[in-house]
Amino acid sequence: MATTEHPPPSRLRTWMLEGLSDMGKQGGHTGPHAQPEPPHKGQRWWRVMCLTGVDYFSTLGYQPGIAALAAGLLSPIATIVLVIVTLAGALPVYRRVAEESPHGEGSIAMLERLLTFWKGKLFVLTLLGFAATDFLITITLSAADASTHLVENPHLTSTLHDKQMLITLVLVALLGAVFLKGFLEAIGVAVALVAAYLALNVVVVIVGVWHVATAGHVITDWSSALTAEHGNVFAMVGVALLVFPKLALGLSGFETGVAVMPHVQGDEGDTEEDPRGRIRDTKKLLTAAALIMSVFLIATSFITTLLIPEKEFESGGQANGRALAYLAHEYLGGAFGTVYDISTIAILWFAGASAMAGLLNLMPRYLPRYGMAPHWARAVRPMVIVFTLVGFLVTWIFDADVDAQGGAYATGVLVLMSSAAIAVTIAARRAQQRGWTIGFAVVSAVLLYVTVANVVERPDGVKIGACFIAGIILISLLSRLARAFELRVTSVTLDDMAERFVRDMASRKMRFIANEPDQRDKAEYRDKIEQIRADNDMPEQEDFVFVEVTVTDPSEFEASLTVRGEVLHNRYRVLTLESSSVPNALAALLLHVRDSTNCTPHMYFEWTEGNPFANFLRFFLFGQGEVAPVTREVLREAEPDRGRRPRVHTG
């Protein structure tokens with residue numbers, strides 16, 4: 001490819017674009033980490049579980065309160081329903097996802113493989129919108145709940161009263177500042193945070209259960225109130241099923257669990273094509289996290305429902321968004337409660353860091369391949385600024401309210417989980433596994449019901465998700481349009497016959513004819529040569545090599561180019577290429593030939609008939625149309641020096 005001298009960038013630009021990856025290179029590093037881990041090297045599965053656990057387990061900071069608000073006295077029963085769905089539905093689904101996408105791509109990549117061309121890209125962009133909702137609301141909701149724990153601390157409440165919005169914005173800004181400086185996921189820090197947080201929660205649960213057991217009237221009062229309110233067990237279960245969608249936050253964490261798969265050590269014999277050890281240990285990770293969380297969800301919903309007055313869960317109450325912290329202060333004193341608050345704030349804040357890392361890993365995985373990201377979106381720091389500003393906006397819209405953001409968060413989580421269930425159902429059907437197909441189909445139906453019910457009950461999530469989807473699609477299409485004339489071929493490889501053609505032409509004028517293949521018979525090539533000679537008033541002794549490009553998937557953006565040479569009808573030399581765009585492929589070939597031979601190649605076209613605007617749309621959407629002028633424009637952008645630029649002739 002051509003190289004062109006540019007003026008040295010400013011220090012700010014250099015700093016902002018530090019670590020800018022080459023998206024065209026296979027496996028190009030695009031995440032927020034300084035360096036990816038070496039292949040098949042990583043951490044033990046239980047340590048990586050803590051990495052996903054800072055997101056998953058941190059929901060204990062607000063889940064019991066949300067469950068109490070949603071289900072009231074039925075909170076423990078509704079939580080048991082949640083646990084059943086987790087262990088019998090979500091866990092098997094994501095264990096299968098780990099098998100199908102062992103490199104951390106997740107269910108989005110599974111579904112991407114099912115759809116091709118533009119419909120596949122638009123579908124992935126839609127899922128990315130919901131993923132962005134999930135991760136961004138994780139950042140803002142976790143920061144809001146961390147600020148709630150800070151404001152409601154008895155030692156600080158008088159000082160920080162009415163400053164929750166400011167504190168939340170500061171926490172989001174600090175998170176962005178960490179990533180601007182340079183963030184490396186520290187699994188050791190995650191292990192320490194998760195261990196301390198779970199240990200403190202064990203103490204709170206044990207003390208809470210002891211108080212419930214020693215105060216016998218608590219259970220009696222609760223059961224009597226349940227019977228009076230709902231009548232019988234069947235009515236209770238029915239109501240619990242109805243309110244279950246409101247508890248969907250307790251299902252979060254599985255997508256993160258799959259995303260961190262590349263960090264799992266696996267076995268020494270693992271390969272990229274067959275990482276059996278990594279898959280096995282990731283299944284252990286998912287199972288252990290789900291079991292630990294299930295135990296804590298049931299225990300915490302039980303003690304918070306029985307020990308905390310109902311009015312304290314409501315907005316403005318001391319247990320709103322911090323039910324377990326309320327019990328820690330109430331039964332274990334201010335000192336322990338403050339330590340618990342600090343631990344909760346730390347893990348909630350680190351959960352935001354995990355979500356930010358997820359965003360920075362997820363978006364470059366897809367958008368650059370589609371050409372749907374601006375050039376600077378390949379770098380970490382500009383994207384951190386964008387995500388931080390969006391976090392500010394979401395915090396302001398929801399007024400830093402944990403309860404108000406619950407619906408949006410749940411929608412993002414449930415859409416991704418539903419898509420995962422559908423993906424594994426299709427995978428099981430293709431593998432002719434009838435039992436698993438039926439089981440996963442049932443799980444898909446349950447998750448789709450929960451998703452729809454959550455959207456109907458709390459439409460904020462789908463509204464925010466729709467905003468993200470619309471923004472991503474709009475920005476992506478504008479970016480694709482702005483980058484339409486880029487030289488987006490990452491490498492050019494010629495086979496032996498093609499190399500022979502180029503070496504032979506290098507001794508004289510290098511003349512190529514761009515030909516749209518039709519019948520490929522002798523008459524087609526003979527007539528084409530006669531037309532080019534007549535249009536350009538060339539003598540008959542000039543010889544040519546035909547170049548034919550077959551468009552594969554026009555929705556793809558960057559790819560390598562393989563050129564094959566062949567002789568047709570014992571006379572006509574033809575170079576054949578496959579690419580997503582005819583003009584970009586031709587420009588890349590001309591530049592490669594120029595660089596490898598130090599000769600200036602010439603390519604001859606005929607004008608495209610029809611409306612120029614319609615032809616440009618054909619090029620933009622389908623990779624062909626205004627071939628001659630677009631090829632020239634791609635060459636002009638790639639090589640500003642007219643003296644070195646390959647020549648384009650159109651007759």
Side-chain angles (χ1 to χ4, degrees), residues 1-3 24 487-552 559-606 623-624 627-628 630-632 634-636 638-639 641 643-651:
M1 299 299 99
T3 57
L487 184 67
R488 58 204 204 198
V489 174
T490 58
S491 64
V492 179
T493 305
L494 277 65
D495 71 1
D496 292 340
M497 183 67 75
E499 289 277 8
R500 190 182 307 169
F501 292 169
V502 171
R503 286 196 305 269
D504 178 60
M505 296 177 69
S507 60
R508 53 191 183 278
K509 283 283 188 181
M510 305 187 70
R511 301 189 187 276
F512 297 93
I513 295 177
N515 182 52
E516 184 177 358
D518 189 13
Q519 298 298 321
R520 304 193 83 199
D521 55 12
K522 185 182 297 185
E524 177 181 340
Y525 296 105
R526 182 187 65 241
D527 294 345
K528 189 74 172 183
I529 289 177
E530 291 177 357
Q531 177 190 342
I532 292 298
R533 283 175 174 157
D535 289 345
N536 295 275
D537 193 22
M538 299 176 64
E540 288 192 7
Q541 62 267 26
E542 295 288 348
D543 73 342
F544 303 90
V545 170
F546 289 91
V547 182
E548 298 177 346
V549 181
T550 301
V551 176
T552 50
S560 59
L561 195 66
T562 300
V563 184
R564 297 176 177 85
E566 56 182 322
V567 178
L568 296 181
H569 312 296
N570 297 317
R571 179 176 180 182
Y572 302 108
R573 294 174 295 175
V574 183
L575 298 178
T576 59
L577 305 79
E578 289 186 351
S579 176
S580 60
S581 168
V582 174
N584 298 85
L586 295 176
L589 174 64
L590 291 175
L591 290 169
H592 177 81
V593 169
R594 181 206 63 182
D595 293 340
S596 61
T597 63
N598 291 320
C599 298
T600 301
H602 297 248
M603 182 166 282
Y604 296 85
F605 299 83
E606 61 176 298
Q624 50 192 333
V627 176
V630 174
T631 301
R632 194 264 178 192
V634 173
L635 288 169
R636 189 188 67 82
E639 179 51 79
D641 186 352
R644 300 192 69 239
R645 192 183 302 158
R647 304 293 192 262
V648 171
H649 306 268
T650 307

- Shortest non-hydrogen contact from Val630 to Pro583? CG1-CB, 3.5 Å

- Query: Tell me, do Leu575 and Leu589 make a side-chain contact under 4.5 Å, heavy atoms counted?
  - Reply: yes

- Output all residues satisfying salt bridge (Lys or Arg N to Asp or Glu O under 4.0 Å) with Arg564, sequence neighbours left out; order by chain, then residue number. none

- State which residues pass ring pair (Phe, Tyr, Trp, His ring centres under 6.0 Å) with Phe546; sequence neighbours excluded, sorted by chain then number. Tyr525

- Closest non-hydrogen contact found for His649 with His602 is NE2-ND1, 2.8 Å

- Report yes or no: does Arg503 contribute a side-chain atom to a donor-acceptor pair with the main-chain N or O of Phe501 at less than 3.5 Å? no

- Item | Contact check, side chains of Thr562 and Asp495, non-hydrogen atoms, under 4.5 Å | no

- Message: Once rounded to the nearest 0.5 Å, what's the spacing between atom CD1 of Ile532 and atom CG of Asn515?
- Response: 9.0 Å

- Enter the distance from Phe544:CZ to Tyr604:OH here, rounded to the nearest 0.5 Å. 6.0 Å

- Could you give me the CA-CA distance, side-chain angles and deciding distance for Val545 and Arg511, then say whether side-chain contact (heavy atoms from CB on, under 4.5 Å) is met? CA-CA 7 Å; Val545 170; Arg511 301 189 187 276; over 6 Å; no

- Minimum heavy-atom distance between Val549 and Leu586, given as atom pair plus value: CG2-CD2, 3.7 Å

- So, for Ala506 and Cys599, which heavy atoms are closest and what is the spacing to 0.1 Å? O-SG, 3.6 Å

- Message: Restricting to side chain to side chain donor-acceptor pair (under 3.5 Å), what partner residues turn up for His569, sequence neighbours left out?
- Response: none

- Item | Point-to-point distance, once rounded to the nearest 0.5 Å, from CG of Leu590 to CG of Leu635 | 6.0 Å

- Item | Value rounded to 0.5 Å, distance of CZ in Arg500 from CG in Leu494 | 12.5 Å

- Message: If I compare all heavy atoms of Ala588 with all of Leu561, which pair ends up nearest, and what's the gap?
- Response: CB-CD2, 4.3 Å

- Task: Quick one: do Thr493 and Val563 satisfy side-chain contact (heavy atoms from CB on, under 4.5 Å)? Show the steps, please.
- Result: CA-CA 6 Å; Thr493 305; Val563 184; over 6 Å; no

- Task: Measure across Thr600 and Pro646 and return the closest heavy-atom pair with its distance rounded to 0.1 Å.
- Result: CG2-CA, 4.2 Å

- Task: Look up atom OG1 in Thr650 and atom CZ in Arg632, then write down how far apart they are to the nearest 0.5 Å.
- Result: 10.0 Å

- Query: Below 4.5 Å, heavy atoms only, C-beta onward: do Ile513 and Met603 meet side chain to side chain?
  - Reply: no

- Out of curiosity, Asp527 CG to Asp521 CG, how far, rounded to the nearest 0.5 Å? 8.5 Å

- Is Glu639 salt-bridged to Arg644, cutoff N-O under 4.0 Å? yes

- Message: So, using salt bridge (Lys or Arg N to Asp or Glu O under 4.0 Å) as the criterion, who are the partners of Arg573 when residues are at least two apart?
- Response: Asp504, Asp543

- Residues passing the salt bridge (Lys or Arg N to Asp or Glu O under 4.0 Å) test with Glu548, sequence neighbours excluded, are Arg520

- Query: Partners of Arg636 by side chain to side chain donor-acceptor pair (under 3.5 Å), sequence neighbours excluded?
  - Reply: Glu633

- Answer yes or no: is there a side-chain heavy-atom contact under 4.5 Å between Leu591 and Val593? no

